[in-house]
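Bear in mind that the values here come from a model prediction, so they are computed numbers and not experimental data. In what follows, chains carry the letters A, B, and so on, assigned in the order in which the sequence lines appear, proteins first and then strands, with residues in each chain numbered from 1.
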Protein chains: 2
Amino acid sequence: MSDTPATPRRRGAARTEELLRVTLDLAAEAGYAGLSIEAVGRRAGVGKHTIYRRWPSKAALLLDALSHVWTRDLDYRDTGDVRRDLREQFLRSGFALSSPPIGPIYRAVIAEAQADSVLRATLHERFLATVEQSTLDRITRAQHTGELTADANLEFAAEVLCGTLYYRSLLSTRPIDEAAIDGLLDMFMAAYGTTDQGLSGH
Amino acid sequence: MSDTPATPRRRGAARTEELLRVTLDLAAEAGYAGLSIEAVGRRAGVGKHTIYRRWPSKAALLLDALSHVWTRDLDYRDTGDVRRDLREQFLRSGFALSSPPIGPIYRAVIAEAQADSVLRATLHERFLATVEQSTLDRITRAQHTGELTADANLEFAAEVLCGTLYYRSLLSTRPIDEAAIDGLLDMFMAAYGTTDQGLSGH
DNA sequence: TATCGATCGGCACGGTGCGTGCCGATGCTG
DNA sequence: CAGCATCGGCACGCACCGTGCCGATCGATA
């Protein structure tokens with residue numbers, strides 16, 4: 001006990017790291033409701049100034065906390081089977097979006113973003129567009145290998161794929177289950193797949 | 001002038017109607033930021049109690065204000081050409097979702113809903129699912145007339161169509177323009193249309 | 001017409017959170 | 001050891017939510 005004094009009073013980068021961790025913990029335990037600057041400060045034993053010295057606003061802190069856990073697992077695998085790779089990734093993303101800590105933080109950022117168009121642009125650029133881009137990369141590769149038709153406009157397709165997932169997890173109340181993902185992929189493959197046996201259940 | 005005294009102090013249904021109108025006015029003028037109960041009360045010259053006697057929460061008022069202007073123009077036309085009817089309706093909805101007063105109110109409701117799962121369910125039921133349903137009705141008719149393939153799972157298709165629009169207008173920062181709608185309809189028709197000349201630009 | 005109760009506007013309150021100032025204490029750096 | 005940036009703690013002003021209380025006003029009922 002005496003080896004680790006109660007509050008070693010870390011500073012600099014160590015404090016930054018700890019604050020992000022506390023934010024994630026709060027999101028996991030208290031959910032959306034626990035995500036206030038004051039709550040983070042209280043739990044971390046930290047003055048609000050220490051937080052505002054690092055992030056200009058509550059939204060900035062949340063965005064950083066989000067990217068702290070959301071940047072990994074963003075890349076699609078490439079097994080040579082687009083549908084399989086998309087399905088696997090959508091299942092992973094869908095679960096992450098629906099679970100703490102990512103779910104509550106995403107919701108908090110979205111709530112903040114409704115009142116702030118600059119934040120909305122940042123959210124879109126750092127997360128939504130990034131996810132769309134990696135989706136676009138994967139299906140573009142599939143187009144080159146002939147799995148998808150050559151004349152398909154894949155930019156819109158990537159937006160439709162990602163947008164539907166975000167719609168379901170953040171605006172709708174339905175869960176992102178396998179049926180939803182298969183239904184979405186059915187439509188995508190029926191539209192742009194080159195093999196005709198695209199339906200999942202057939 | 002003297003015929004209409006400054007404040008006739010209306011009550012009952014008349015006040016209710018007026019409060020909804022003031023809410024819509026505020027949304028049109030001040031946008032999301034102006035949508036607080038206190039602001040509505042101030043502008044209407046009304047005590048907050050008069051508002052809370054009618055709606056149990058801020059979210060309830062906003063939902064009512066939304067349905068006050070959003071229930072019309074929800075139905076698709078049926079010209080016999082699905083793609084044309086969907087396109088027309090998506091253009092209308094997209095514009096409405098992006099403009100005051102509907103845009104700001106929708107944003108406010110969404111922001112509130114992130115913290116309240118009951119409200120999220122209500123929002124989904126009264127608006128999102130309703131729009132999906134009328135879309136489903138229209139494309140189901142098209143399936144019966146042979147414009148769409150018989151084995152298409154149209155429930156997911158309706159969700160994808162509506163979800164993409166909501167994603168773009170409420171989470172993304174891109175406008176709902178004709179290119180986006182045509183791209184979305186390209187994918188939908190390529191997947192489930194029965195005529196092969198489905199691409200818009202061809 | 002007189003009465004009475006429901007509704008009204010106005011005001012104040014407690015609670016919460018945001019973002020900012022100020023203070024004296026603490027810990028790193030030179 | 002000296003100096004200084006960072007720290008925790010506290011308080012403030014502001015805004016809003018939802019509630020309680022008051023006396024005024026309106027309208028239905030007697």
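- Here the side chain of Tyr52(A) is nearest to one of dG18(D), dC8(C), dG19(C), namely dG19(C).
- For Lys48(A) and dG13(D), the NZ to C1' distance is 11 Å, given to the nearest whole Å.
- Here Gly45(B) lies in heavy-atom contact (under 4.0 Å) with sugar-phosphate atoms only.
- If you take CD1 of Ile37(B) and C1' of dT19(D), they are 13 Å apart, rounded to a whole angstrom.
- Regarding Arg42(B), its CZ atom lies at a distance of 13 Å from the P atom of dC11(C), rounded to whole Å.
- Which of dC17(D), dG9(C), dG20(D) sits closest to the side chain of Thr50(B) comes down to dG9(C).
- dG8(D) atom P lies 15 Å from atom CD of Glu38(A), rounded to whole Å.
- One atom, CD1 of Ile51(A), and another, P of dT6(D), lie 16 Å apart when rounded to the nearest Å.
- Computed from coordinates, the His49(A) NE2 to dC18(C) P distance equals 15 Å when rounded to whole Å.
- To the nearest angstrom, P of dT7(C) lies 15 Å from CG of Leu19(B).
- A donor atom on one side chain and an acceptor atom on the other are found under 3.5 Å apart for Asp137(A) and Gln133(A).
- Counting non-hydrogen atoms under 4.0 angstrom, Lys58(B) reaches the backbone sugars and phosphates but no base.
- Residues Arg126(B) and Ser67(B) bring a donor and an acceptor atom of their side chains to less than 3.5 Å of each other.
- Considering CG of Leu62(B) and OH of Tyr32(B), their distance stands at 9.0 Å, rounded to 0.5 Å.
- In this structure, the CZ atom of Arg53(B) is 14 Å from the P atom of dG10(C), given to the nearest Å.
- In this model, no donor atom of one side chain and acceptor atom of the other lie less than 3.5 Å apart for Tyr167(B) and Thr164(A).
- Residue Arg15(A) places at least one side-chain N or O closer than 4.0 Å to OP1 or OP2 of dG8(D).
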